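Inspection log for the structure reproduced underneath, given as structure tokens.
All values derive from a computational prediction rather than experimental measurement. Start at 1 with the first residue, then count along the sequence.
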Amino acid sequence: MKWSKAWWIAAILLVFSGTAFALLTENVAISGSSTALSESGWRANFSAPLDMDAIEKGAVYLTDADGQKLEMDMQLANGGRTLEVPDIESGDYTLHVTKSALASSFLKTLSTNQLEFTIQDEVQNLAGKEELRTYFTRLLKLQKDNPFYRGFGEGVDEAEDSASGESGGMGGGDHSTTNNQVEGVDEGDIVQTDGDYLYSISESRVMISDIRDPGNMELAAALEFDGEMYPERLFLSGDTLAVISSRFSHMGTEADAEMESFMPYSGITVVSLYDVASPGNPQLIREFGNEGTFNNARFSGGILRYVSNVFPNYWILEEQPNMELRPRLFDSKDGGELGPLPYEDLTILPGTMEGSYSVIASINLDAPGSNEISTKGFLGGNEQLYMNEQHLYLTASAFETAEGEFEDTALWVPQQADTEIFKFGLDGISVEFIASARVQGALLNQFSMDEFEGHFRLATTEGVAWAPASEPKNHLFILDEQLEQAGSVENLAPGERIYSVRFIGSKAYMVTFRETDPLFAIDVSDPGAPEVLGELKIPGFSNYLHPLDENHLIGFGYDTKIEPVKGGGEPRIVTGGMKLSLFDVSDMGDPQETDTEIIGGPGTYSALQYDHKALFRHEQKNLFGFPVSIYVGDGTEYIEFQAEGALVYSITPQGIELSADLTEPASQPYEDWNTSVQRLVYAKDALYTVANAEITSYHLADFEALGTLPLQ
């Protein structure tokens, strides 16, 4: 194989930039889902472009189950890299692509010239072992033919949140609750309190602290987990504490040997249910879970639901043709042994062709020891999750292969992706697939999504800043109940990308950034005709937007400044300290930043900037707080660690005012994770800062320190 000088230059640049991968291939790979819904049509993707006249020339065509060639409406999109078949009836089909369909002369062969697929009128559960094996065998062949192919959603990290309906919790009663995105839907956190006891994760333990006397706190109990099991999320429902953990070792059962071939790295998601009616003597009621990586969880209407990603080791199918490909689960109520999900509980999500499952498990916690657990597996990955009381939405990135800047180069660009959406209906512990859709661009986080009055809204960024042929642009899409597009606002802020989004009823707010921070105010009251009403450009940007009231928003983010570059050229954007902004949006046509607060200098950050659950709020006292690590410096060579702890502000429509500085001056040149504040909560008349190693209490009236409880 002869590789051009241009290819080597491109490859070296891309490897060292860490932003893309390059591949010269003699084969053109074809990918497409094995099943799709008739109402959604079907699409196939190609790793290199086809001739735009390939369909007209007869080089691309479909045949039915009898091998008869069909006259059907088809079109090439995405520069010849995507084939779309918008209207297609249920049945079995084969896509045929001949060599003459290729657009580029240097790509000589096709990895395959046929692709079989099935169109269904409704989503169907798997029929049995052979159907599942056929699916993974086909996927394996596709990946061998094109090593850079990946199913969207595979190998993704959970993108923790930075900014849909109004947030729930945080200060309505006599103690804190989690800062949730949707009112009535608890997201769980690393800290929970009922006002008398505080439950917190400390490495591989859950600590139960008696805070009834904030000046004399006591450790009531500690839930110990072994060194291979790490608690990640806590939910508190009455006398039941649910601990969701990730386990990275075997279960100690007879299924261990089989599991090693199935799950080489994903681990196990474990839910441990405790009776904490007597917090000093918690009792384990039940443990259940499944193989796979924990992604996210919600608690609403008495029902706990969690989602995990499951990656079967299908690439050893040729060596072990009889290996188990189904996700396996366990329940201590039934003996605790790992067993596969029944085929009738497995479904191939329409439009997917990837090697991972989204497993959704549900249980009602009103009788945690005996209630049924519903577990469903869906072939198709998941990254972001949005849920209200009626529906659950999962999304996954659909990555595209993009043309390179060099003639002999094809690029796979991780940031250049569309978004697949899967909608599920919730009825008790039942979870049923409703519809799927695909929109242009990638989501930032869960706050990029929202459902309101039957319509689903999404904000996405399409393109990447470093690719000249793919300048970023931003979109807002509104989909109806079947996820058909009702309206959109497209191509906002070219050259910038989304940094935060907030949907509040019939209004939407979006922050984009490149040199300044445009805050867009968008009217989404008419789903068919959303409209940008106002735009505000200011220095800096907000990672998270929080509603103060119906006319004001709080932005948490960074200050920035523009520095000229010696010798001319593009000016440099330098990030400064953490920035709090108060926005007046009473006139959406003319939003205003009415007050700001800058904390520290370059390097200063808060967990709130990437995890909204780190926000403390006391509504009655207008208090907002967050953990913080403060640095000072000039933003170049000199940055010095100054302090860490927490800050509490009084924020009202009139302005931002510091109420309490709960930071400690730095005693060493770097942060101590063990004592760094992770959360702030309040109970009755006291405020608590919670770290891995200790809890410190303060009087809520004047923030005078009351006591410290060591947790180690």
Side-chain angles (χ1 to χ4, degrees), residues 158 160-161 163-201 206 208 231-245 269 271-276 279 285 294-308 360-368 371 373-374 384-394 424 426-429 431 445-447 449-451 503 544 546-547 607-608 611-619 678-683 690:
E158 179 186 358
E160 267 305 331
D161 316 309
S164 165
E166 299 180 10
S167 60
M170 296 301 295
D174 67 349
H175 61 83
S176 293
T177 57
T178 304
N179 179 29
N180 302 308
Q181 179 183 7
V182 179
E183 188 171 358
V185 181
D186 186 9
E187 300 179 24
D189 199 9
I190 58 175
V191 173
Q192 297 286 347
T193 184
D194 58 8
D196 293 326
Y197 290 84
L198 192 148
Y199 304 80
S200 61
I201 294 174
V206 174
I208 304 176
E232 296 196 39
R233 198 72 59 89
L234 304 178
F235 290 87
L236 190 60
S237 174
D239 291 335
T240 301
L241 175 70
V243 183
I244 302 181
S245 306
T269 298
V271 180
S272 305
L273 302 179
Y274 290 88
D275 182 344
V276 290
I285 305 169
F294 172 66
N295 186 339
N296 224 315
R298 297 290 189 270
F299 178 73
S300 176
I303 296 173
L304 175 67
R305 296 180 178 90
Y306 76 85
V307 181
S308 57
I360 305 176
S362 310
I363 182 175
N364 193 315
L365 294 184
D366 63 356
N371 275 347
I373 300 170
S374 169
Q384 302 292 343
L385 180 152
Y386 172 87
M387 196 188 100
N388 58 23
E389 294 181 342
Q390 295 80 38
H391 300 115
L392 183 150
Y393 295 83
L394 297 178
F424 301 86
L426 305 177
D427 183 8
I429 62 171
V431 177
N445 54 42
Q446 70 183 62
F447 286 91
M449 302 178 284
D450 173 72
E451 185 183 271
F503 291 95
Y544 173 61
H546 190 88
L608 174 57
D611 184 355
H612 65 281
K613 293 186 288 291
L615 178 66
F616 162 85
R617 184 179 179 188
H618 194 303
E619 288 185 352
Q678 302 297 314
R679 295 291 188 267
L680 293 81
V681 300
Y682 77 88
V690 184

Residue pair [X] / [Y], side-chain heavy-atom distance below 4.5 Å:
{"X": "Asp194", "Y": "Tyr199", "answer": "yes"}
{"X": "Leu426", "Y": "Val431", "answer": "yes"}
{"X": "Val276", "Y": "Tyr197", "answer": "no"}
{"X": "Leu234", "Y": "Val206", "answer": "yes"}
{"X": "Gln192", "Y": "Thr178", "answer": "yes"}

Going from [atom1] on [X] to [atom2] on [Y], what distance comes out if it is rounded to the nearest 0.5 angstrom?
{"X": "Asn295", "Y": "Ile360", "atom1": "CG", "atom2": "CD1", "result": "10.5 Å"}
{"X": "Ile363", "Y": "Leu304", "atom1": "CD1", "atom2": "CG", "result": "7.5 Å"}
{"X": "Leu198", "Y": "Thr193", "atom1": "CG", "atom2": "OG1", "result": "5.0 Å"}
{"X": "Arg617", "Y": "Ser176", "atom1": "CZ", "atom2": "OG", "result": "11.5 Å"}
{"X": "Tyr544", "Y": "Asn179", "atom1": "OH", "atom2": "CG", "result": "4.0 Å"}
{"X": "Leu385", "Y": "Leu392", "atom1": "CG", "atom2": "CG", "result": "4.5 Å"}

Taking every non-hydrogen atom, the tightest pair across [X] and [Y]:
{"X": "Val690", "Y": "Ser200", "answer": "CG1-CB, 3.9 Å"}
{"X": "Ser300", "Y": "Gly184", "answer": "OG-O, 3.3 Å"}
{"X": "Ile285", "Y": "Pro368", "answer": "CD1-CG, 3.9 Å"}

Item checked: Parallel, tilted or perpendicular: ring planes of Phe616 versus Tyr682, cut at 30 and 60 degrees -> perpendicular
Notebook entry, point to check: Do the ring planes of His391 and Tyr393 sit parallel (below 30°), tilted (30 to 60°) or perpendicular (above 60°)?
Noted result: perpendicular
Any donor and acceptor pair, going by atom type alone, linking the side chain of [X] with main-chain N or O of [Y] inside 3.5 Å?
{"X": "Asn371", "Y": "Asn364", "result": "yes"}
{"X": "Ser374", "Y": "Ser362", "result": "no"}
{"X": "Asn180", "Y": "Glu187", "result": "yes"}
{"X": "Glu451", "Y": "Asn388", "result": "no"}

Next item on the list: Dump the intermediate steps for side chain to side chain contact (heavy atoms under 4.5 Å, CB included) on Arg679 and Ile190, then the final yes or no.
Entry: CA-CA 8 Å; Arg679 295 291 188 267; Ile190 58 175; 3.9 Å; yes
Next item on the list: Mind checking side chain to side chain donor-acceptor pair (under 3.5 Å) for Ser308 and listing every partner two or more places apart, or none if nothing turns up?
Entry: Asn290
Notebook entry, point to check: Just one of Arg298, Gln446, His612 clears the side chain to side chain donor-acceptor pair (under 3.5 Å) bar with Gln181, so which one?
Noted result: Gln446
